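Everything numeric here is computed off the predicted structure, so don't read it as measured data.
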Amino acid sequence: MTQHPDISRSPARHWATRRTGKIGAVVLAAVLLVGSTVVPATATAPSTSRATAPADAVVEHVPAAPSGQGPLDVSVTEISHPVATPGDKVTIRARITNTTDAAVSGTVAQLTVDFLALTSRAQIAAWSDAGMLDPVHGDPIDEAVPKLAPGASTNVSFTYDPRVPALQGFGPRRLAVSVNDASGRLGIARTFLMYDADGAEREPMRLSVLAAVTSPATDPSDPDATEIELAQQAAEGQRLDGVLRVAEDTDLSLAIDPNVMGRASRSEDPALTEWSDRMVAAAEQTATYTLPSHDLDLAALAHAEVYATGGRSFVRAPRIPNWAIPESWNRSLAWPADGVVPDIETLGLAVATGRQDVVVGGGGLAYEGYGTPTGRADVATPSGTARAAVTDTTLTEAFVSATDLSEAGYESAAGTTDTSAEASTASTAAEGTQRLLADTAAIVSQSPADPPTVFIAAPRTWTPDAAAAISILDTLDEAAWLDTTTLDRLLRQDAQNEGRTPLPKHRPAKAEISPNDVAALEHARDAVVTFSSVAGEQRGQIWRPGVVRLIAPLSVAQRQDPGRRSSIVQQVLQTTNELTHESITVVPRQDINFITDVGNIPVRVRNGLDLDATVTVVLRPDHPRLTVDARSEATIPAGQEVDVQVPVRAIGSGDVQVTAQILTPTGAKITDNSSFQVRVRAGWEEVGTWIAAGLVALLFLAGIWRTVRRGKSPYRATSKDVEEATGTSAEALEPPPTTSASSVAVPAE
């Protein structure tokens, strides 16, 4: 049979809408309520209902119905025997709530059970989707309802003996709890009584459920806020805590973003690290799959034709260091965004990156035949064959609507952690259980010899009511015709050759990031990886955080707010440009005089990184009168400036404009060009030396010539001048000669 469309991203809202009934029924109900004083009750009551409201029934104020369901909200909260057998007396409890702003009194609750078994999923869907005023089947059992003030609720209880109408065979029966007054029906809940009269052994079908462990949309500029929000979601009663509790007590399969676990494990919040330890332990007890780090949006990359598969590509983006993925976790799963049909391009990219097991939801690969096939299909892609795990949309909708608190009890944008009683699901756990039992029973009835394996994928936003989810899965596992199991059982099976609706070849979703933005992020990623070579063996300290920052806009979670995502794209591109082009720069300088044939020109380089950087400095003159002999490589200490000497040679004289560039060790340009002027005067150094030497020689000779030319000076003092000045002869002034003892004359013999 034709598959029903898949749930939207907010399945609770969709389920609630389906329960409200047909638009025509809404209009008719409003007319009946307004005209209740003139229209007899028999004109609007369902044809099979025998009971009438008491004669003194009074509606104090004509209530305005808030929705097509009617002024009273009715839900079945408990069925004592999810699978009834002969001899059981089944207790059915329901909750009735006045959703209007006026009191309602004089109403009667009625239970009806049809004795005919439903044998197809189409019949089950028709009963579940019926409008408020559509007929019910079976003899009613009445219970009086007390007066309800605005917003008030009450519980009613019925006891049903299946032997009374002599139910036969195996299968679900239509069960309804409605509330009526003199004007007609004011509200109804439709579910199923599962009855097994023969107790025959049946070959069980298998059902697996997959849940995601992913983080909310992150802002790379505020990592602290990201960790706080992750801690909030892992807090008691919140999304990640609910997934953990269900995984600990059931066969729930897990698809985990490794980056979430790495961030939680290194957190300084003890509650978050405890959650991480428990999640790792729970993952060891079930089938666990890793998603691409940061839950990458594969469809966006595929439609931008980004097929990089290198070790530093987005598909293999780094996660938090010092956290290793356990060996038992499977790395072959790809999970495209929820709520849309993935196309061939998306599956092709998944296969190309080694993730050949692909979750296909959104109603994709719908079965075109009769019955329900096993949820495995092979899809041919340009990169190879994808092994698709196809979700059963109807079962997924029933399970999620009965267990998901996200619509009523959790708002990630506000960062709330409210766990008040107001949080509720679209349908009750009892209603969800009975719908799942009914659908699976119909599947087994249609294929008793070879029942299929079916698959439920809860959306990433699933915030489970853990108690309800555990109760439903335990009840399903206890059913004789059903085994709950893990996803690996399905993926190990061979695909059947059944006719399915083919996947589209190219169908981008409106919420995807644009290919232009993806290309810009990819270009920036290449720049970061290339630039990181300046750090040598420590390059990982540059490219790892750089790539993580760039991948933030590419996560599936960013689809929820495209406007915010666009701002993040611009932010991370600007930050990356500052890293790769402004962290290592040439310090501007004045013009240089170069007066020798061979020498060095110093280029001052500033390193703004926290790491030592090895760079190559290149000079590019605009005229051949100055040539560069070689490039110069230097290591600039972190946060410092260094003069790098570049050897050059002068061939002629003249002014030369020189451009300085800084390159990575691999030859990639880092900075924008920095220019300065060099006044080249080739050979001037030698000429200047000879000129200086000549000048010194000339000065020396001039001094000698001047001395010789002067002769004896007329101003020089004579002995006569001394005598006249002192009044003593020159001889008297001279000391008598002295003779040493050794020089005494000895007479000759």
Side-chain angles (χ1 to χ4, degrees), residues 218 220-221 223 226 258-259 261-263 265-266 292-294 296 301 306-325 353-354 518-555 569 571-587 603-618 631-642 644 646 660-674:
T218 60
S221 66
T226 298
N259 192 65
M261 303 307 300
R263 186 179 296 277
S265 65
R266 77 166 192 175
S293 289
H294 309 269
L296 190 65
L301 292 187
V306 174
Y307 291 96
T309 57
R312 297 168 186 169
S313 68
F314 283 142
V315 177
R316 292 183 173 87
R319 57 185 178 275
I320 300 301
N322 304 323
W323 189 85
I325 299 175
T353 56
V518 176
L521 294 169
E522 178 73 4
H523 179 75
R525 182 199 65 83
D526 292 340
V528 169
V529 173
T530 301
F531 173 78
S532 66
S533 63
V534 301
E537 295 182 355
Q538 295 181 304
R539 66 185 60 189
Q541 297 185 38
I542 295 178
W543 74 262
R544 292 179 68 91
V547 173
V548 168
R549 183 168 51 248
L550 290 167
I551 202 175
L554 294 172
S555 70
V569 169
Q571 167 198 314
V572 298
L573 290 177
Q574 179 179 353
T575 302
T576 301
N577 184 70
E578 292 173 355
L579 169 68
T580 58
H581 290 88
E582 300 179 19
S583 56
I584 300 177
T585 57
V586 174
V587 178
V603 178
R604 180 164 288 261
V605 179
R606 178 185 296 121
N607 177 14
L609 298 173
D610 295 331
L611 303 168
D612 294 350
T614 300
V615 298
T616 300
V617 177
V618 178
R631 300 180 175 187
S632 294
E633 184 175 288
T635 298
I636 316 300
Q640 296 186 23
E641 297 179 2
V642 170
V644 180
V646 182
Q661 292 181 343
I662 302 179
L663 309 180
T664 67
T666 59
K669 180 180 174 182
I670 296 177
T671 63
D672 292 333
N673 297 337
S674 177

[X] and [Y]: which non-hydrogen atoms are nearest, and at how many Å?
| X | Y | answer |
| --- | --- | --- |
| Arg549 | Thr575 | NE-CG2, 3.5 Å |
| Ala520 | Leu573 | O-CD2, 3.6 Å |
| Leu663 | Lys669 | CD2-CA, 3.6 Å |
| Val569 | Pro553 | CG2-CB, 3.6 Å |
| Pro545 | Gly540 | CD-O, 3.7 Å |
| Leu521 | Phe314 | O-CZ, 3.6 Å |

Look up atom [atom1] in [X] and atom [atom2] in [Y], then write down how far apart they are to the nearest 0.5 Å.
| X | Y | atom1 | atom2 | answer |
| --- | --- | --- | --- | --- |
| Met261 | Ile325 | CE | CD1 | 11.0 Å |
| Ile670 | His581 | CD1 | NE2 | 9.0 Å |
| Thr616 | Gln661 | OG1 | CD | 11.5 Å |
| Leu550 | His523 | CG | NE2 | 11.0 Å |
| Leu579 | Gln574 | CG | CD | 12.5 Å |

Go through the steps for Ile542 and Val534 under the test side-chain contact (heavy atoms from CB on, under 4.5 Å), then give the verdict. CA-CA 9 Å; Ile542 295 178; Val534 301; 4.2 Å; yes

[X]: which residues meet the side chain to side chain contact (heavy atoms under 4.5 Å, CB included) condition with it, sequence neighbours left out?
| X | answer |
| --- | --- |
| Ser533 | Arg539, Thr664, Pro665, Thr666 |
| Pro637 | Asp612, Gln640, Val642 |
| Ser632 | Val644, Val646, Pro647 |

Test log, rule side-chain contact (heavy atoms from CB on, under 4.5 Å), inputs Thr226 and Arg263: CA-CA 10 Å; Thr226 298; Arg263 186 179 296 277; 4.2 Å; yes

Has the side chain of Asp526 got a donor or acceptor atom that lies under 3.5 Å from a matching backbone atom of Thr530? no

If we only count heavy atoms from C-beta on, is the Val605 to Ile662 side-chain gap below 4.5 Å? yes

Option among Leu609, Val615, Ile584 that satisfies the side chain to side chain contact (heavy atoms under 4.5 Å, CB included) test with Ile636: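 Among the candidates, only Val615 passes.
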
Please walk me through it: do His294 and Leu554 pass side-chain contact (heavy atoms from CB on, under 4.5 Å)? CA-CA 8 Å; His294 309 269; Leu554 294 172; over 6 Å; no

With a cut-off of 6.0 Å (strictly less than), are more than 12 heavy atoms of other residues, nucleotides or ligands near CG of Asp610?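 Incorrect, the count does not exceed 12.
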
